[in-house]
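Keep in mind that what you see is a predicted model, and the values were worked out from it rather than measured. Note that these values count all heavy atoms, side chains included, but never hydrogens, waters or copies made by symmetry.
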Amino acid sequence: MIKSTVDPACTGLFSALFLDYIKKEEALTQFYQEFPEIGRFGRVLENKSFPETRRELLVEALEEQYAGYEDSPVAQNIKRLREPRTFTVTTGHQLNFMTGPSFFIYKIVSTVLLAEKIQKAYPDYQIVPLYWMATEDHDFAEINHFHFDGKRYAWDSDQTGPVGEFLLDDSLKALVKEWDFLPEFFKEAYISSTQLKEAVRKYVHHLFADKGLVILDANHPGLKRSFLPQIKTDVFSQEANGLVNESNRALEEAGYKTQVFPREINFFYMEPGRRDRLVLQNGRFRTQDGKNEWSYAEMEALLDTHPERFSPNVVMRPLYQEVILPNLAYLGGPAEVAYWFQLKRVFDHYTVDFPFLLPRNFAMIVPRQIGRKIDKLGLKPEELFQHVDRLRIDYTLKNASEDVSLQREREQLNQLFGTLENRGFGLDPSLGQAVKAAFTRSEKILNQVAVKFRKAEERKQGDAIRQLHEVKDFLFPNGTLQERRVNFLEYYLANPNFINELFGQFDPLDFNFVILWENGGEGNTQEKVQGR
């Protein structure tokens, strides 16, 4: 594949907050700790430490979760986590069916590459890439499907509660067996597993074990117990609520939109088949569905006995992550990176290190047949993000056999009415106004004629306009960015080396949008793309 890059600001896809962050705008520095540049990691590593007891707890949880797995670079990395100079770089994501959209793969590739890059720059340390499985998430509708080859494949289930605990029943396994296009490792992962979290671990391990990627299910009693002081503080004192609201006001005053809104209590109560928000009403703790109720003393006893039943929401989950991991950096999508800015005051309050924040790599895959069309149409990489109507009009005007915008006629009209207007005002001011009104009417008529000329030219250029639509429909299926809809199997099945090629093309410290062009286009395609 051949790589070109586009400034994210040219795509129209990213928020002002995100764009200002990667430009290192001064107004945002109060909302994060360190900007992610390779030279800054060394200073943080020198001063970073992590309690030995928490390292041991983390390793025990991981060894338990990897019981039965063969020896691999993953096992070696788990052992390394006991060592005081070993740290993680982390990404997290939902347990999407068959990986869901392809950006899930891009997230992990970026994370592995960041670990390798820091490791190379600071060889006295060990840097371990880690994928945090969002096993406690309960929005099944977001994860129960994937898109492949223009079709939507879905898993229907009436199960509720944390999706990681969902059972993989016989009907699902039969469905998976029927899909002939699935690689065997996917089929094996789902057919041999009891719960969704097992299947996800198996297929992610298959894809990335050779890179040493550690996969963590943080829904673990021991790990939750180590977070108990922070859980109790939030449940009984509700301090994070005010801190996040302070950050929200500061961000809004600086001209940015916020996306995370805290609760008084930022935890859910979990048990099999349930994950319901905790509220405090009339001096008693309740689940929002009304099924459970506790006094203060009863809640204290429940927390001490079953901390694993308490699940952090979007406000407290990042804090939980940084409490239980010796973590150096977090990689996420642009919305993820942005909402972490709302949490800096929470981290400061709990005296927990705030990690480096990095966007994952963003990518668009252009197969050779689409690349040939782009080359033939003469489109530049940044133009691929423009609306198809803008592209259609610009292409027509640029390639018209004559001036369909009627520019010469506009100049003649301006000259004619300018002369008439001067003569009219010289005779009678009201006559001059009448000429101006006549010019406005004439200009509108000329505009209408120009549109008709352009549309006639579009019909003449029908093949090219059709190809423009084909390019946009492929790169933005259903109007959505390709990486946010199309499953990675679209590329992997045609090229089993696809993920390895991503490792050769991505750079986690380059925040530009990546366009990857398949080799084999027309003779001049590769040369032109490389020069862009």
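- Contacts of D353 classified as side-chain contact (heavy atoms from CB on, under 4.5 Å), with partners at least two apart in sequence or in another chain: K48.
- Side-chain N or O atoms of T88 include none that pairs as donor or acceptor with a backbone N or O of T90 at under 3.5 Å.
- Residue I324 forms a side chain to side chain contact (heavy atoms under 4.5 Å, CB included) with just one option from L223, L57, L58, and that option is L223.
- No donor-acceptor contact under 3.5 angstrom links the side chains of N266 and R263, judged on distance only.
- In this structure, a donor-acceptor pair under 3.5 Å is present between the side chains of R275 and S311.
- Pairs passing the salt bridge (Lys or Arg N to Asp or Glu O under 4.0 Å) check and including a residue from residues 330-340, sequence neighbours excluded, read K107-E336.
- Considering every non-hydrogen atom in both L358 and F511, the closest pair reads CD2-CE2, 4.4 Å.
- Closest of all the heavy-atom pairs between D289 and R274 is OD2-NH2, 3.0 Å.
- Nearest heavy atoms, P101 versus N96: CD-ND2, 3.9 Å.
- Between F181 and W179, the ring planes lie parallel to each other; the angle is under 30°, not in the 30° to 60° tilted range.
- When atom types are taken as modelled, the side chain of Y21 and the backbone of L357 share a donor-acceptor pair closer than 3.5 angstrom.
- No donor-acceptor distance shorter than 3.5 angstrom exists from the side chain of E165 to the backbone of P162, with no hydrogens or angles considered.
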**OP:** For ring-ring contact (aromatic ring centres under 6.0 Å, His included), just list the numbers for Y330 and W132, CA-CA rounded to whole Å, side-chain angles, deciding distance to a tenth of an Å, and then say yes or no.
**Re:** CA-CA 10 Å; Y330 182 78; W132 178 291; 8.8 Å; no
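- When only modelled atom types and interatomic distance are considered, N478 and T480 share no side-chain donor-acceptor pair under 3.5 Å.
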**OP:** List the steps and the verdict of ring-ring contact (aromatic ring centres under 6.0 Å, His included) for F148 and Y492.
**Re:** CA-CA 11 Å; F148 170 76; Y492 180 84; over 10 Å; no
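- One N or O on the side chain of N361 and one on the backbone of D507 form a donor-acceptor pair closer than 3.5 Å.
- Counting only N and O atoms by type, the side chains of S247 and R345 include a donor and acceptor under 3.5 Å apart.
- A donor atom on one side chain and an acceptor atom on the other are found under 3.5 Å apart for K202 and S192.
- At distances below 3.5 Å, not a single donor-acceptor pair connects side-chain atoms of N77 with backbone N or O atoms of K211.
- Remark: the backbone N or O of E239 is not paired with any side-chain donor or acceptor of S237 at under 3.5 angstrom.
- The 12-atom threshold is not exceeded at CG of D170, counting heavy atoms of other residues, nucleotides or ligands nearer than 6.0 Å.
- Of the possible polar contacts, one joining the E490 side chain to the D149 backbone as a donor-acceptor pair under 3.5 Å is found.
- The two residues R368 and E518 make their nearest non-hydrogen contact at N-OE1, 3.3 Å.
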**OP:** Verify salt bridge (charged side-chain N to carboxylate O under 4.0 Å, His left out) between E136 and K224, making sure each step is shown before the conclusion.
**Re:** CA-CA 12 Å; E136 297 177 45; K224 286 285 181 70; 3.3 Å; yes
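- Distance check, rounded to the nearest 0.5 Å: CZ of F166 to NE2 of H138 gives 10.0 Å.
- Under a cut-off of 6.0 angstrom, the local environment of CZ in R309 is crowded, with over 12 non-hydrogen atoms contributed by other residues, nucleotides or ligands.
- No side-chain N or O of T135 forms a donor-acceptor pair with one of N219 less than 3.5 Å apart.
- Minimum heavy-atom separation, N487 to G100: ND2-O, 2.8 Å.
- Under the 4.5 Å side-chain criterion, counting only non-hydrogen atoms from C-beta, P262 is in contact with N245.
- Other residues, nucleotides and ligands contribute over 12 non-hydrogen atoms within 6.0 Å of the CD atom of E470.
- Here the closest heavy-atom approach between residue F41 and residue L509 is recorded as CE1-CD2, 4.4 Å.
- Side-chain contact annotation: D20 with Y256, donor-acceptor N/O pair under 3.5 Å present.
- Side chain to side chain, D276 and Q288 fail the donor-acceptor criterion of an N or O pair below 3.5 Å.
- Remark: side-chain polar atoms of D137 are not paired, donor with acceptor, to backbone N or O of Q94 under 3.5 angstrom.
- The closest side-chain donor-acceptor pair between R317 and Q321 falls under 3.5 angstrom.
- To the nearest 0.5 Å, atoms CD1 (I365) and OH (Y491) are separated by 6.0 Å.
- Within the 3.5 Å criterion, the main-chain N or O of I215 finds a donor-acceptor partner in the side chain of Y66.
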**OP:** Check the pair L175, W155 against side-chain contact (heavy atoms from CB on, under 4.5 Å), reporting the backbone distance first and the verdict last.
**Re:** CA-CA 9 Å; L175 197 62; W155 169 26; 5.5 Å; no
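- At least one donor-acceptor pair closer than 3.5 Å links the side chain of Q505 to the backbone N or O of M1.
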